[in-house]
Q: 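Shown below is the structure under consideration.
Excluded from the calculations below are hydrogen atoms, water molecules and symmetry mates; all remaining heavy atoms, backbone and side chain alike, are included. Labels below follow one simple rule: chain letters A, B, ... track the order of the sequence lines, proteins then strands, and each chain is numbered from 1.
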Number of protein chains: 2
Amino acid sequence: MTESLSMSRQSSEALLYLTDEQLRQGIEAMFFAYRGFTDDPDRILSGMSYGRAHHRAIHFINCAPGTTVNNLLSILGVTKQSLNRVLRTLVNDGLVEARIGQKDRRERHLFLTDEGAQLEHRLSGAQRARMRAAFRQAGPEAVAGFRTVLEAMMDDTLLHHYKGLRDYPT
Amino acid sequence: MTESLSMSRQSSEALLYLTDEQLRQGIEAMFFAYRGFTDDPDRILSGMSYGRAHHRAIHFINCAPGTTVNNLLSILGVTKQSLNRVLRTLVNDGLVEARIGQKDRRERHLFLTDEGAQLEHRLSGAQRARMRAAFRQAGPEAVAGFRTVLEAMMDDTLLHHYKGLRDYPT
DNA sequence: TTGGAAAGTCAACAAGACTGACATAACCTT
DNA sequence: AAGGTTATGTCAGTCTTGTTGACTTTCCAA
């Protein structure tokens, strides 16, 4: 009964999933899921004198060790003043090391110290645990769809950063 | 060296999509996609004296007209003082109407004015356009997977809000 | 009827984004 | 060698949006 009904709806409407109501649900799913996504690291960081900005910096330095300040800037999409405030505290606290470039001595190449790597691991561990649970619960096909939609939602610039961080099998 | 190491890890794990690398990509996909997701409304709002917080309030008042401040509070997950600042400007500017409750005179029931509904439409129009393009590009199966994963990523509390806003066919 | 709980408001503060101006050092082209 | 550009760092000030604390009004139950 319900099956035939949903069948007829699907066949009568070519693109059922593109109604405004479906789109609204997609929008709200993004809103709520992003909250869940950032919750765990935020909770860990709230104890220390760090915030989400520090987490982001640590995450991408970990992904791309030796990256320059400028590169990090374009990935994070913030101003250098904003990033610098964060980076300064991380360097002062001994979580990040900024080495002067060999080839171009104007550049600073960023690395996590052991202590920085430890914090990164705690933060991403919490986030990965949630992601892993969600992926496991949803199944491989859903995960593939999840990534396809998310990539389609990015700007080309963002997509470029996303794909550029590592080689990424399409 | 590193290659053979990662290969051995891949072959030893039955669930390929749950490797740390796959999870990391999921995390970054969320980060970049959320940026794309909020970009358009942010750009529209940056001209006015409003921000993302106003957008969120307007969105959920539109979804659930007559909602109380308290209810909105628990949906948005901020303090009442924080929401109140936003709400005050919206009421003063004539975008939102706050009617004193008939039954309980402590409560304020929130509605969009015509002008508020107009702004809501501009904002959600931009967001829906991007979502629609992404959905269309990704295809129906991917969209289903996208939503499945996002729902699995929410806290139960958030999921409750998400599902509670309207009846939502599982 | 009185005291506690709940809804909402006002004030002050902090994090983290922004702009603008400026400094320094290193690179690069002429 | 000189001058312009690039990469980075810094100071000052503003804006949005989150926080806590203190307060009023209203409701409800002992």
Q: Tell me, do A/T157 and B/F32 make a side-chain contact under 4.5 Å, heavy atoms counted?
A: no
Q: Tell me the interatomic distance from A/N84, atom CG, to C/dA23, atom P, rounded to whole angstroms.
A: 17 Å
Q: What residues, two or more places apart in sequence or in another chain, satisfy side-chain contact (heavy atoms from CB on, under 4.5 Å) together with A/Q118?
A: none
Q: Considering only NZ, NE, NH1 and NH2 on the basic side and carboxylate oxygens on the acidic side, decide whether A/D156 and A/K163 come within less than 4.0 Å.
A: no
Q: Output a table of nitrogen or oxygen pairs between the protein and nucleotides 28-30 of chain C separated by less than 3.5 Å.
A:
none

Q: Parallel, tilted or perpendicular: which fits the ring planes of A/H55 and A/H59, with parallel below 30° and perpendicular above 60°?
A: perpendicular
Q: For the pair made of CG in B/L110 and P in C/dA7, what is the distance, rounded to whole Å?
A: 13 Å
Q: Does CD in A/E141 sit with more than 12 non-hydrogen atoms of other residues, nucleotides or ligands closer than 6.0 Å?
A: no
Q: Between A/R122 and A/D40, is there a salt bridge with N-O shorter than 4.0 Å?
A: no
Q: Please figure out whether B/L73 or A/G101 has its closest DNA chain C nucleotide nearer the 5' end.
A: B/L73
Q: Do any pairs count as a side chain to side chain donor-acceptor pair (under 3.5 Å) and have a residue in residues 102-111 of chain A, sequence neighbours left out, and if so which ones?
A: A/D104-A/R106
Q: Is A/G77 touching bases, backbone alone, or none of the nucleic acid, heavy atoms closer than 4.0 Å?
A: sugar-phosphate
Q: Say whether, by atom type as modelled, one donor and one acceptor occur between the side chain of B/R35 and the main chain of A/L76 under 3.5 angstrom.
A: yes
Q: Residues two or more places apart in sequence or in another chain: which of them pass ring pair (Phe, Tyr, Trp, His ring centres under 6.0 Å) with B/Y34?
A: A/Y34, B/F37
Q: With DNA chain C as reference, determine whether B/N71 or A/V78 sits nearer its 5' end, using the nearest nucleotide of each.
A: B/N71
Q: Is it the case that atom CG in A/N92 sees more than 12 heavy atoms from other parts of the structure closer than 6.0 Å?
A: yes
Q: At less than 4.0 Å, is any side-chain N or O atom of B/R108 found next to OP1 or OP2 of C/dG8? Yes or no.
A: no
Q: Would you list the protein and nucleotides 11-16 of chain C atom pairs, both N or O, that sit under 3.5 Å from each other?
A:
from   : atom 1 : to    : atom 2 : distance (Å)
C/dG16 : OP1    : A/G51 : N      : 3.4

Q: First contact, last contact: which nucleotides of DNA chain D are these for chain A, 5' to 3', heavy-atom distance under 4.0 Å?
A: D/dT6 to D/dC11
Q: Would you call the rings of B/F60 and A/F31 parallel, tilted or perpendicular, taking 30° and 60° as the class edges?
A: tilted
Q: Can you tell me how far P of C/dC10 sits from CG of B/L83, to the nearest Å?
A: 13 Å
Q: With nearest nucleotides of DNA chain D determined for A/T68 and B/K103 from heavy-atom distances, which residue corresponds to the more 5′ nucleotide?
A: A/T68
Q: Rounded to the nearest angstrom, tell me the gap between atom CG in B/L72 and atom P in C/dT9.
A: 12 Å
Q: B/L87 has an atom CG; how far is it from atom C1' of C/dA7, in whole Å?
A: 13 Å
